[in-house]
Peer 1: 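Supplied in structure tokens, the structure appears directly below.
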There are 2 protein chains.
Amino acid sequence: MDKSNHKTDEDEAETGRPTLKTLAFMTGLGVTTVSRALKDAPEIGAETRKRVQLVARQIGYRPNRAGVRLRTGKTNVISVVLNTTEQIGGFLSDFIYGISERLAATPYHLVVAPYSHNNDPMEPIRYVVETGSADGIIISRTQPDDPRVRYLTERGFPFAAHGRTAMGIEHAYHDFDNESFARLAVRRLAELGRRRLALLAPPTALTYHQHMRSGFLDEIDRNGLSEVPFSSVSSDNVIDDIRRQTIELMRRTGRPDGIVCGAGGPTFALIAGIEAAGFKLGRDVDLVAKEPFNLLQLVRPEIHVVEEDFRLAGHDLATAVLSRIDDRSAAPMQRLVVPGAVIAPR
Amino acid sequence: MDKSNHKTDEDEAETGRPTLKTLAFMTGLGVTTVSRALKDAPEIGAETRKRVQLVARQIGYRPNRAGVRLRTGKTNVISVVLNTTEQIGGFLSDFIYGISERLAATPYHLVVAPYSHNNDPMEPIRYVVETGSADGIIISRTQPDDPRVRYLTERGFPFAAHGRTAMGIEHAYHDFDNESFARLAVRRLAELGRRRLALLAPPTALTYHQHMRSGFLDEIDRNGLSEVPFSSVSSDNVIDDIRRQTIELMRRTGRPDGIVCGAGGPTFALIAGIEAAGFKLGRDVDLVAKEPFNLLQLVRPEIHVVEEDFRLAGHDLATAVLSRIDDRSAAPMQRLVVPGAVIAPR
DNA sequence: TGGCAAATCTGTAACGTTTCAGTATATTTG
DNA sequence: CAAATATACTGAAACGTTACAGATTTGCCA
């Protein structure tokens with residue numbers, strides 16, 4: 001008799017994954033009631049609420065993300081936008097782990113949106129905002145005047161940045177205090193009696209280039225030291241370029257006797273370059289480097305190291321963007337991590 | 001007069017993000033026709049198809065993922081399941097980049113699902129399958145008898161594994177030929193006149209432990225060398241444990257004069273341990289290590305290195321799982337990457 | 001000319017969820 | 001005691017998409 005393709009309630013109760021309808025059938029309530037009961041709405045009787053929640057737990061009900069998303073627009077997704085041509089040596093793993101650890105206890109999923117160097121960094125940002133494919137965004141490689149920050153702020157889209165900006169916009173960020181790092185590094189080199197210092201800085205476009213550079217310059221000044229310019233490469237360059245340019249640097253007449261390096265991978269190239277030019281680390285020149293995990297010092301104990309924790313950064317940024325989503329008018333989390341001491345050679 | 005809260009066609013055309021309805025209004029066609037036209041269905045006139053597609057492109061129509069997902073069950077998501085307690089030194093960045101590069105030109109998003117060491121590795125897998133939150137899964141740290149592989153295979157869920165299994169199941173994988181790596185390494189050490197070799201292997205639970213170990217043992221045999229057991233640690237151990245155990249190893253009476261190491265981070269610890277015990281690399285003992293990016297050799301040129309490309313692995317696995325989704329009955333992609341030559345000290 | 005097939009297009013229903021506008025029953029109030 | 005109000009629940013509609021089962025038009029053949 002029943003030629004329709006409507007599912008009956010009983011069908012519903014038997015088949016595959018449970019939905020609100022399944023729950024409604026099992027409890028004898030309406031779908032609406034079940035929905036409200038699951039989110040502890042006050043207009044549902046206490047006893048009914050308990051009952052629905054019990055049954056839901058028993059049969060392992062999980063809300064259908066697509067259904068929620070379609071109806072409410074809420075995606076329960078955080079998107080982290082990464083540059084795939086990023087520095088080798090990969091602090092990125094820890095960064096991502098930090099984020100996902102934070103997200104693990106929440107209903108949020110983490111999606112990784114890449115862009116390559118030749119592409120527009122705005123592209124993935126626009127995509128996410130225009131298609132509403134995430135509730136929040138985490139960006140890195142922040143610039144002083146960052147179009148992404150402007151764009152996201154203008155639209156009131158929740159985000160957090162790894163690094164600060166300088167455009168008078170109050171936004172959530174987590175940053176490592178690279179100015180202090182540079183100061184610590186210079187001070188250490190001064191203590192070692194070094195006089196002519198070079199800095200292998202991040203690319204000029206990034207905000208923390210300025211920070212690191214100004215800390216470096218100011219502290220050089222205070223200690224009566226001089227700078228040996230080394231701007232032909234940045235820590236973004238490929239390893240081999242850095243190595244070559246370091247050889248170049250060391251062969252100059254006014255070569256440095258101390259070098260500060262703000263990134264992990266490039267430090268390897270620096271050392272290789274110094275030695276290829278015939279100089280000895282610790283004798284002719286000292287090196288203070290920033291490293292995510294202190295591996296380098298295991299094999300080259302003569303270098304000085306400051307650690308930077310990227311897992312913490314990920315964790316922080318996830319927290320920041322979540323609280324941003326939760327309440328867009330709340331004050332954005334802004335955390336500046338001060339570097340620990342410079343770890344000396346053993 | 002119109003007190004309903006129905007949106008009229010004109011409303012639709014003005015407001016926010018375009019949908020099929022917007023397109024239908026603009027072209028004067030039905031929603032169904034537009035939907036079919038956009039996917040080049042044959043029953044839509046050629047001219048209409050062109051027209052619809054043109055308009056869609058003009059106004060930047062993007063299908064609503066939640067709509068598609070709710071209706072079809074297709075998520076357009078690939079989930080990569082990672083162990084967050086994974087080895088420091090992070091080859092993971094490259095792995096993830098490899099995947100997302102491959103996915104960039106497709107409609108697929110990449111979501112990272114973590115699990116920590118004390119948690120059940122099956123948990124994220126079950127979650128994805130039960131909630132249908134992805135169309136395919138990429139797993140790593142594959143075991144000879146891997147419950148995840150069994151589970152996914154039983155349910156016909158598309159996946160690809162970084163590493164092989166040994167349970168008579170034909171599944172998609174990408175693997176580095178660690179047996180060949182170990183052979184190459186041993187051969188190199190034999191050529192250098194080394195006689196007593198040790199192997200710092202991966203954890204015994206993982207499939208490639210067997211591969212590496214059997215290659216190592218067999219090649220030792222062929223070359224008339226002997227093994228110095230070194231099973232107190234695996235490459236999964238924390239850096240400091242490896243360093244300590246290496247000191248231990250080197251202080252034994254029958255200490256090795258050659259060591260093979262199958263992972264990047266641990267090699268640093270090995271070197272530190274060897275030297276802490278008072279021995280000199282290249283003189284007392286030689287080291288052949290596998291490294292994702294050849295950074296180590298820059299600062300310790302006396303070691304021998306084989307490179308392993310994790311970006312390629314990611315790319316491959318993404319391809320594999322996509323083709324699996326595309327056609328579940330097609331033969332699974334199975335790729336074994338043979339190691340390149342051992343890079344000698346310079 | 002009538003009939004039939006092919007070509008092209010369309011409306012309805014459904015996926016699972018939440019919101020809106022109720023309804024029915026019990027309880028209080030004047 | 002009627003009316004107002006509070007309590008507990010419910011059906012219908014909508015989010016954007018696609019599958020299904022038509023509907024309309026055109027061209028062709030007997």
Side-chain angles (χ1 to χ4, degrees), chain A residues 3-9 11-13 15-25 27-52 56 59 61-76 107 130-133, chain B residues 2-9 11-13 15-25 27-52 56 61-76 107 130-133:
Chain A
K3 296 168 71 184
S4 79
N5 56 359
H6 281 251
K7 285 191 198 161
T8 65
D9 286 354
D11 287 343
E12 202 52 60
T15 196
R17 185 172 161 207
T19 70
L20 289 181
K21 212 154 132 200
T22 322
L23 245 33
F25 174 69
T27 55
L29 296 162
V31 170
T32 303
T33 311
V34 173
S35 173
R36 312 279 294 125
L38 287 177
K39 33 183 64 67
D40 273 322
E43 63 264 42
I44 304 296
E47 198 240 354
T48 307
R49 252 175 4 218
K50 290 260 154 37
R51 197 159 60 88
V52 171
I59 66 173
Y61 167 78
R62 313 246 204 175
N64 180 309
R65 304 192 125 231
V68 176
R69 182 164 167 178
L70 183 57
R71 176 67 236 240
T72 63
K74 184 131 178 41
T75 62
N76 285 305
E130 282 171 13
T131 68
S133 65
Chain B
D2 184 11
K3 297 168 70 184
S4 79
N5 56 358
H6 281 251
K7 285 191 199 163
T8 65
D9 287 354
D11 286 344
E12 202 52 62
T15 197
R17 183 170 163 210
T19 70
L20 289 180
K21 210 153 133 200
T22 322
L23 246 31
F25 174 68
T27 56
L29 295 162
V31 170
T32 304
T33 311
V34 173
S35 173
R36 312 281 293 128
L38 286 177
K39 33 183 63 68
D40 274 322
E43 64 265 40
I44 305 296
E47 200 239 354
T48 307
R49 246 166 20 207
K50 291 260 154 39
R51 196 159 61 89
V52 170
Y61 167 77
R62 313 247 205 176
N64 180 308
R65 306 192 124 233
V68 175
R69 181 163 167 179
L70 184 56
R71 177 65 235 239
T72 65
K74 183 131 180 36
T75 62
N76 285 303
E130 282 170 13
T131 67
S133 65

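In what follows, every chain begins at residue 1, and chains take the letters A, B, ... in the order their sequences are listed.
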Peer 1: Send over the distance from A/Arg65 CZ to C/dT18 C1', rounded to a whole Å.
Peer 2: 17 Å
Peer 1: Atom CZ of A/Arg62 to atom P of C/dC15: distance rounded to whole Å?
Peer 2: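 Rounding to the nearest Å, CZ of A/Arg62 and P of C/dC15 are 22 Å apart.
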Peer 1: Find the distance A/Lys74:NZ to C/dT19:P and express it as a whole number of Å.
Peer 2: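 Those two atoms, NZ and P, are 13 Å apart.
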Peer 1: Atom CG of B/Asn64 and atom C1' of C/dC15: how far apart are they, to the nearest Å?
Peer 2: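 Checked: the CG to C1' distance equals 13 Å.
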Peer 1: Think B/Thr72 has a side-chain N or O under 4.0 angstrom from the OP1 or OP2 of D/dT18?
Peer 2: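 No, no such contact exists.
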Peer 1: Among C/dT17, C/dT19, D/dT18, which nucleotide has an atom closest to any side-chain atom of A/Thr32?
Peer 2: C/dT19
Peer 1: For the pair made of CZ in A/Arg49 and C1' in D/dC9, what is the distance, rounded to whole Å?
Peer 2: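 Interatomic distance, CZ of A/Arg49 to C1' of D/dC9: 13 Å.
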Peer 1: Which of the following nucleotides, D/dT10, C/dC15, C/dT18, is nearest to the side chain of B/Arg71?
Peer 2: C/dC15
Peer 1: Between B/Arg69 (CZ) and C/dG16 (P), how many Å, whole number?
Peer 2: 13 Å
Peer 1: Which of these nucleotides, D/dT18, D/dC9, C/dG16, is closest to any side-chain atom of A/Thr33?
Peer 2: D/dC9
Peer 1: Measure CG/A/Leu29 against P/D/dG11 and give the value in whole Å, please.
Peer 2: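 Atom CG in A/Leu29 sits about 10 Å away from atom P in D/dG11.
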Peer 1: Which listed nucleotide (D/dT18, C/dT8, C/dG16) is nearest to the side chain of B/Glu43?
Peer 2: C/dT8
Peer 1: Taking any heavy-atom pair under 4.0 Å as a contact, classify A/Leu20: base, sugar-phosphate, or nothing.
Peer 2: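 A/Leu20: base contact, heavy atoms under 4.0 Å.
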Peer 1: How close or far is atom P of C/dT18 from atom CG of A/Leu38, stated in whole angstroms?
Peer 2: 8 Å
Peer 1: Would you mind telling me which residue lines up with the more 5' stretch of DNA chain C, B/Gly67 or B/Arg36, judged by nearest nucleotide?
Peer 2: B/Arg36
Peer 1: With a 4.5 Å cut-off on side-chain heavy atoms, are A/Thr131 and B/Asn64 touching?
Peer 2: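 Sidechains of A/Thr131 and B/Asn64: no contact.
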Peer 1: Under a 4.5 Å cut-off applied to non-hydrogen side-chain atoms, are A/Arg69 and B/Leu70 in contact?
Peer 2: no
Peer 1: Measuring to OP1 and OP2 of D/dT17, would you say a side-chain N or O of B/Ser35 lies under 4.0 angstrom away?
Peer 2: no
Peer 1: In Å, rounded to the nearest 0.5 Å, how long is the span from CG of B/Leu23 to OG1 of B/Thr33?
Peer 2: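 It is 11.5 Å, given to the nearest 0.5 Å.
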Peer 1: Would you kindly compare B/Gly45 and B/Leu70 by the position of their nearest DNA chain C nucleotide and give the one closer to the 5′ end?
Peer 2: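 Per heavy-atom nearest nucleotide, the more 5' residue is B/Gly45.
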Peer 1: When you measure from the side-chain N and O atoms of A/Thr48 to the phosphate of D/dC9, is any distance below 4.0 Å, counting only OP1 and OP2?
Peer 2: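 True: A/Thr48 side-chain N/O within range (under 4.0 Å) of D/dC9 OP1/OP2.
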Peer 1: Answer yes when B/Arg36 and B/Glu43 have at least one side-chain N-carboxylate O distance shorter than 4.0 Å, and no when they do not.
Peer 2: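 Salt bridge between B/Arg36 and B/Glu43, a charged N being under 4.0 Å from a carboxylate O: yes.
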Peer 1: Please check if the side chain of A/Arg65 supplies one atom and the backbone of B/Ser133 the other of a donor-acceptor pair under 3.5 Å.
Peer 2: no
Peer 1: Compare side-chain N and O positions of B/Lys39 against OP1 and OP2 of D/dT18 and report whether any pair is under 4.0 Å apart.
Peer 2: yes
